[in-house]
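What follows is a set of notes on a single structure, which appears directly below.
Each chain gets a letter, A, B and so on, in the order its sequence line appears, and its residues count up from 1. Given the structure is predicted, the values throughout are model-derived calculations rather than measurements.
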Number of protein chains: 2
Amino acid sequence: MKRDSRLSLVLHALLHMAERDDPMTSDDLATCLMTNPVVVRRTMAFLREAGIVASARGHAGGWRITADLSTVSLRQLHDALGEPAIFAVGHRNAAPACLVEQAVNAALDQTFAEAEALLLARFGEITLADLSADFALRYAALVQQKEP
Amino acid sequence: MKRDSRLSLVLHALLHMAERDDPMTSDDLATCLMTNPVVVRRTMAFLREAGIVASARGHAGGWRITADLSTVSLRQLHDALGEPAIFAVGHRNAAPACLVEQAVNAALDQTFAEAEALLLARFGEITLADLSADFALRYAALVQQKEP
DNA sequence: TTTCATGTAACTTTAATAGTTATGATTCGG
DNA sequence: CCGAATCATAACTATTAAAGTTACATGAAA
């Protein structure tokens, strides 16, 4: 399978939307994200289901954020996207009859579970407001660099 | 992409080999692992490159372990397999020009790096001898259950 | 009513492993 | 030395889920 970059995509989209007051169309976002508007709609639809964004059709329509940036964590976004599988590596059979394979699975499963728990805990600590602040810092640094 | 189960496959194979003194053929292993002998050869070849197993052709040929079980960690096996990508999730561009995307990547990359470090550290602590001992426990438990 | 925008179905493309088929190259027993 | 056993490897196909594309329907507003 291809690498799942939907979390990255929605973060990128949300931060661009956060920099504006007006709604952004799927076409606008697709240009920012260098992808296709249908991919934007399809992916953002998960966030709409979760109540994080709203979409409107017709003139002056598009996507806008309905949640407070400081209350939306990466964990919530991951969950909104349907909690996709995090690991590209794993065991072959979920419930093997072979005792050897059971021992292998037990070791791998426990280790992957620990890493996943750490990852999701960190995701729970990072909000859109944090990313937005980080972007502001990067932007200020760029401006200062160009105008010393 | 399909899930990468090569680490699982080689662990399963190595533990079966550890239970025997004679070499096991690719066909034997393929039967144990419920897969194809060519898959076994292709995957075990990485471990041969790393000096963990040896293969012999012709009569009485096959695969045997050349390393001490207590010195081979899951981390070494992961490395021997070419350090395949662990995560099915990730960012879209490694070095984006967009500052927003840079902020997104920074947050994701750091979090994934932490989780990967934990995973690899745990893999470094687990040896084939550990898994073999776990299998022995499971086997003893099964025997006791059947002959109370 | 025309235009702008989302909603969505249906399809192709992508990328990497898993699985299969076929053939060549060794090794050993007889 | 011949033939069976076994690995080595190339060249395919199958699998899988996301990404991307095309096409058209739906709804809102000027």
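- In this structure, B:Ala85 reaches neither bases nor backbone, as no heavy-atom distance under 4.0 Å exists between it and the strands shown.
- A heavy-atom distance below 4.0 Å to DNA chain D is reached by these residues of residues 27-47 of chain B, ordered by number: B:Val38, B:Arg41, B:Arg42.
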Could you pull out every donor-acceptor pair under 3.5 Å between side chains of residues 39-52 of chain B and any protein atom, sequence neighbours left out?
unit_1  : atom_1 : unit_2  : atom_2 : d
B:Arg41 : NE     : B:Ser26 : OG     : 3.3
B:Thr43 : OG1    : B:Val39 : O      : 2.7
B:Arg48 : NH1    : B:Ser55 : OG     : 3.0

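- Evaluation of the ring-ring contact (aromatic ring centres under 6.0 Å, His included) rule for B:His91 yields no partner, not counting sequence neighbours.
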**OP:** Go through B:Thr25 and B:Asp27 one step at a time and tell me if the side chain to side chain donor-acceptor pair (under 3.5 Å) criterion holds.
**Re:** CA-CA 5 Å; B:Thr25 68; B:Asp27 274 1; 5.5 Å; no
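- Along DNA chain D, the nucleotide closest to A:Ser5 and the one closest to B:Ser26 are compared, and the more 5′ of them pairs with B:Ser26.
- Taking a 4.5 Å side-chain heavy-atom cut-off between Ile, Leu, Val, Met, Phe, Trp and Tyr, the cluster of B:Leu118 extends to A:Leu118.
- Atom CZ of B:Arg138 is surrounded by more than 12 heavy atoms from other residues, nucleotides or ligands within 6.0 Å.
- Using a 4.0 Å cut-off, no side-chain N or O of A:Ser55 falls inside it from OP1 or OP2 of C:dA5.
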Got a list of protein N/O to nucleotides 23-28 of chain C N/O distances below 3.5 Å?
unit_1 : atom_1 : unit_2  : atom_2 : d
C:dT26 : O4'    : B:Arg57 : NE     : 3.4

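- Put simply, the side chain of A:Asn105 never gets that close to the backbone of A:Ala95: no donor and acceptor are under 3.5 Å apart.
- Note on ring orientation: taking the six-membered ring where Trp is involved, the planes of A:Phe112 and B:Phe123 are perpendicular (angle over 60°, cut-offs 30° and 60°).
- Residue pairs meeting the side chain to side chain donor-acceptor pair (under 3.5 Å) criterion with at least one member in residues 120-133 of chain A, sequence neighbours excluded, are A:Arg122-B:Glu114, A:Thr127-A:Asp130.
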